[in-house]
Enquirer: 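Got a structure for you, written out below as structure tokens; questions coming shortly.
Each chain gets a letter, A, B and so on, in the order its sequence line appears, and its residues count up from 1.
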Number of protein chains: 2
Amino acid sequence: MTEVVERADERISRRQVDKFAQRRDLLASSALRTLSELGYARTSLREIAQNSEFSHGVLHYYFRDKNELILHCVRQYKAECVTRYDHIIESASSAAQLCDSFAAAMAATLTEEAHLHRLWYDMRSQGLFEPSFRADLLELDHSLEQMIWRVVSRYAELSTRPVAMDPAVAYAVFDGLFQKALLRFLGGEADAAADLQRHTGSVLVEFVLGGR
Amino acid sequence: MTEVVERADERISRRQVDKFAQRRDLLASSALRTLSELGYARTSLREIAQNSEFSHGVLHYYFRDKNELILHCVRQYKAECVTRYDHIIESASSAAQLCDSFAAAMAATLTEEAHLHRLWYDMRSQGLFEPSFRADLLELDHSLEQMIWRVVSRYAELSTRPVAMDPAVAYAVFDGLFQKALLRFLGGEADAAADLQRHTGSVLVEFVLGGR
DNA sequence: ACTTTTTCTTGACAGATGTCCAAGAAACCC
DNA sequence: GGGTTTCTTGGACATCTGTCAAGAAAAAGT
């Protein structure tokens, strides 16, 4: 194990730690790909290894057990996705434009990253059963809520009006819309993305700021 | 097999068919209990049988395979739950009362039937991966949307004002709120039910009918 | 009472799964 | 280049899985 850092020659140790962490991330990426393809229930360690350049034994060298690997996947997933809309927030110069960009981005990620999103919903459901997942999942969910809140409050700012919603309610409605759209999209319904875009825009315009 | 009904003596055949269907329902109930306890990923046929009064072999006498059993569970679950709020709709005599009753009922079923609800979300996530589940899940989801729509439109009627939301948006926000509350509730957060009740009420009052 | 049909149990099967381990390969250090 | 540490492999393990089939038990039919 190279996880211990306290050593005389810190350069070497640090390098080893980095390499160790790098391998963990690499394997977690393979796991993420496999999980998003098959779902939690159907993903085995051997399948994950086959989607990587290593053999199945190596997984227990870098992770204590399957749960630790999956937790690592969740954390890695989080780091990438909670800033999804931030560049839209920063570059929008009017409320209407922010609204359009946000709705378009929702529809785009629905179609382009559908498999990753379905894994997220699958994992969140697993958290309802497996207590060891719950803390991380709740934290990630909270980060997503904040991400939505940044969009919503920036929209209100550009509209020079206050937000009329709780962060929790705002997240709930967009999350609910997205989830439904995902189910429809994967079911082959061609309108799913367009409907999501339309619904997203109308919710932002009509409800987020409350009655006028 | 007694599934064929076309026989001279229909009384007998009918009785056998009924008994056959009855056993299927009984076994599906055991399966439902097991699934809601362990989740889809961790539920085996032997575990289901152990939660019933039969041995594991009988499951393949009444169901072709595991998928058929689970599909039957989903359909049975649907029959019970899509009318959950109908008596509230019928007995409410004012908009405010309907709002309160609905919010209270949401909070009540969250705490009392949490395990069944988590199974629903688990199964809906499975539908994102397993195409053979999708049709039933989409249909059940649609039924739930209609159930919410009945509440919302009755609330508007009692308020003598029109609904300002799509059925899809209305369902999304209540479903999103419920899902989040469920995760929090199972995570031991004491406020989960109260927050759900509060959020549900405020969404109904402030957003469903749009700006005044 | 005897036969037929329906229902249920038991054990077996082939394959998959998480985990561990011994041994080889590779990288690294002096 | 020899010795040490780190990394990787492939196989073994015990257990669990869905499925099936043969026959016991129970019920129905005559």
Side-chain angles (χ1 to χ4, degrees), chain A residues 1-27 30-31 34-35 38-73 126 130 132, chain B residues 1-5 7-27 30-31 34-35 38-73 126 130 132-133:
Chain A
M1 284 297 174
T2 58
E3 232 174 351
V4 190
V5 185
E6 304 93 7
R7 275 177 55 179
D9 190 346
E10 209 201 58
R11 242 185 325 149
I12 291 172
S13 167
R14 165 73 50 197
R15 177 157 42 123
Q16 287 175 340
V17 168
D18 283 356
K19 189 180 172 188
F20 191 81
Q22 218 171 305
R23 266 285 186 284
R24 277 169 70 97
D25 289 347
L26 186 67
L27 289 169
S30 297
T34 312
L35 282 162
L38 303 176
Y40 174 82
R42 301 161 199 77
T43 297
S44 70
L45 293 177
R46 283 171 173 81
E47 194 75 34
I48 292 172
Q50 231 161 2
N51 277 13
S52 80
E53 46 182 334
F54 302 98
S55 69
H56 72 271
V58 87
L59 290 170
H60 278 86
Y61 182 77
Y62 289 100
F63 299 95
R64 192 162 6 96
D65 55 17
K66 193 185 180 184
N67 268 16
E68 191 183 284
L69 166 59
I70 287 181
L71 254 333
H72 193 85
C73 287
Q126 296 313 313
E130 181 70 53
S132 63
Chain B
M1 284 297 172
T2 56
E3 230 171 353
V4 191
V5 185
R7 276 178 54 179
D9 190 347
E10 207 197 61
R11 244 182 324 150
I12 291 172
S13 166
R14 165 71 49 194
R15 177 158 39 124
Q16 288 176 338
V17 167
D18 283 357
K19 188 178 174 190
F20 192 81
Q22 217 171 307
R23 266 286 187 287
R24 278 171 69 98
D25 289 348
L26 186 68
L27 289 169
S30 298
T34 312
L35 282 162
L38 302 177
Y40 173 83
R42 302 161 198 77
T43 297
S44 69
L45 292 178
R46 282 172 173 79
E47 193 75 33
I48 292 172
Q50 230 160 3
N51 277 12
S52 81
E53 47 181 335
F54 301 98
S55 68
H56 71 270
V58 86
L59 291 169
H60 279 86
Y61 181 77
Y62 288 101
F63 299 94
R64 192 159 8 94
D65 54 18
K66 193 184 180 183
N67 268 16
E68 192 184 284
L69 165 60
I70 287 181
L71 255 332
H72 193 85
C73 288
Q126 297 313 314
E130 182 68 53
S132 64
F133 290 171

Enquirer: Mind checking if Glu47(B) touches a base, just sugar-phosphate, or nothing, with heavy atoms under 4.0 Å?
Expert: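 If one applies the 4.0 Å heavy-atom cut-off, Glu47(B) turns out to touch nothing in the nucleic acid.
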Enquirer: Would you kindly give the CZ-to-P distance between Phe63(B) and dC20(D), to the nearest whole Å?
Expert: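 Between P of dC20(D) and CZ of Phe63(B): 16 Å.
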Enquirer: In terms of the nearest nucleotide of DNA chain D, which residue is placed more toward the 5' end: Arg46(B) or His56(A)?
Expert: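 Its nucleotide being nearer the 5' end, the pick is His56(A).
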Enquirer: Whole angstroms only, please: what is the CD-P distance between Gln50(B) and dC8(C)?
Expert: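 In whole Å, dC8(C) P lies 18 Å from Gln50(B) CD.
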Enquirer: Rounded off to whole Å, could you give me the CG-to-C1' distance for the Leu59(B) and dT19(D) pair?
Expert: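 Leu59(B) atom CG is separated from dT19(D) atom C1' by 11 Å.
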Enquirer: Sub-3.5 Å donor-acceptor pair from the side chain of Asp65(A) to the main-chain atoms of Glu68(A), do we have one?
Expert: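 Answer holds: yes.
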Enquirer: Check every atom of dC7(D), dT8(D), dG18(C) against the side chain of Val58(A) and return the nucleotide holding the closest atom.
Expert: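 Among the listed nucleotides, the one closest to the side chain of Val58(A) is dT8(D).
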Enquirer: For Gly57(B) and Leu45(A), take the nucleotide of DNA chain C holding the closest heavy atom to each; which residue's nucleotide lies nearer the 5' end?
Expert: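 Checking each residue's closest nucleotide, the 5'-ward one belongs to Gly57(B).
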Enquirer: May I have the distance from Lys66(A) (atom NZ) to dG18(C) (atom C1'), rounded to whole angstrom?
Expert: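 For the pair Lys66(A) NZ and dG18(C) C1', the rounded distance is 8 Å.
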Enquirer: Send over the distance from Arg42(A) CZ to dG15(C) C1', rounded to a whole Å.
Expert: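 After rounding, the reported distance stands at 18 Å.
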Enquirer: Quick one: Glu68(A) CD to dT19(C) P, roughly how many Å, whole number?
Expert: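 About 11 Å, once rounded to whole Å.
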Enquirer: Is there a side-chain polar atom (N or O) of Tyr61(B) under 4.0 Å from OP1 or OP2 of dC8(C)?
Expert: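 Negative; the distance criterion is not met.
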Enquirer: The criterion is salt bridge (charged side-chain N to carboxylate O under 4.0 Å, His left out); which residues satisfy it with Arg42(A), sequence neighbours excluded?
Expert: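 Once residues adjacent in sequence are excluded, the partners of Arg42(A) under the salt bridge (charged side-chain N to carboxylate O under 4.0 Å, His left out) criterion are Glu130(B).
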Enquirer: Roughly how many Å is it from CD in Gln22(A) to P in dT8(D), rounded to a whole number?
Expert: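 Answer to the nearest Å: 11 Å.
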Enquirer: Students often get this wrong, so: under 4.0 angstrom with heavy atoms, is Tyr62(B) touching a base, only sugar-phosphate, or nothing?
Expert: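 Result for Tyr62(B) = sugar-phosphate.
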Enquirer: Do Leu26(A) and Ser52(A) touch side chain to side chain, with heavy atoms closer than 4.5 Å?
Expert: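 Heavy-atom side-chain distance check fails, nothing below 4.5 Å.
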Enquirer: Keeping Arg24(B) on the side-chain end and Tyr62(B) on the backbone end, is there a donor-acceptor pair under 3.5 Å?
Expert: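 Yes, Arg24(B) side chain to Tyr62(B) backbone: donor-acceptor pair under 3.5 Å.
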Enquirer: Any base atoms under 4.0 Å from Ser44(B), or only sugar-phosphate, or nothing? Heavy atoms, all strands.
Expert: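 Sugar-phosphate: the residue Ser44(B), judged by heavy atoms under 4.0 Å, touches backbone atoms but no base.
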Enquirer: Do any side-chain nitrogens or oxygens of Arg23(B) fall under 4.0 Å of OP1 or OP2 in dC8(C)?
Expert: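 Yes, Arg23(B) has a side-chain N/O under 4.0 Å of OP1/OP2 on dC8(C).
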Enquirer: Considering only dC8(C), dT7(C), dT19(C), which nucleotide approaches the side chain of Phe20(B) most closely?
Expert: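 From the listed options, dT7(C) comes nearest.
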Enquirer: Report yes if some heavy atom in the side chain of Ile48(A) is under 4.5 Å from a heavy atom in the side chain of Leu69(A); otherwise report no.
Expert: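 Heavy-atom side-chain distance check passes, below 4.5 Å.
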Enquirer: Quickly work out the Arg64(A) CZ to dT19(C) C1' distance and round it to whole Å.
Expert: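 Value for this atom pair: 13 Å.
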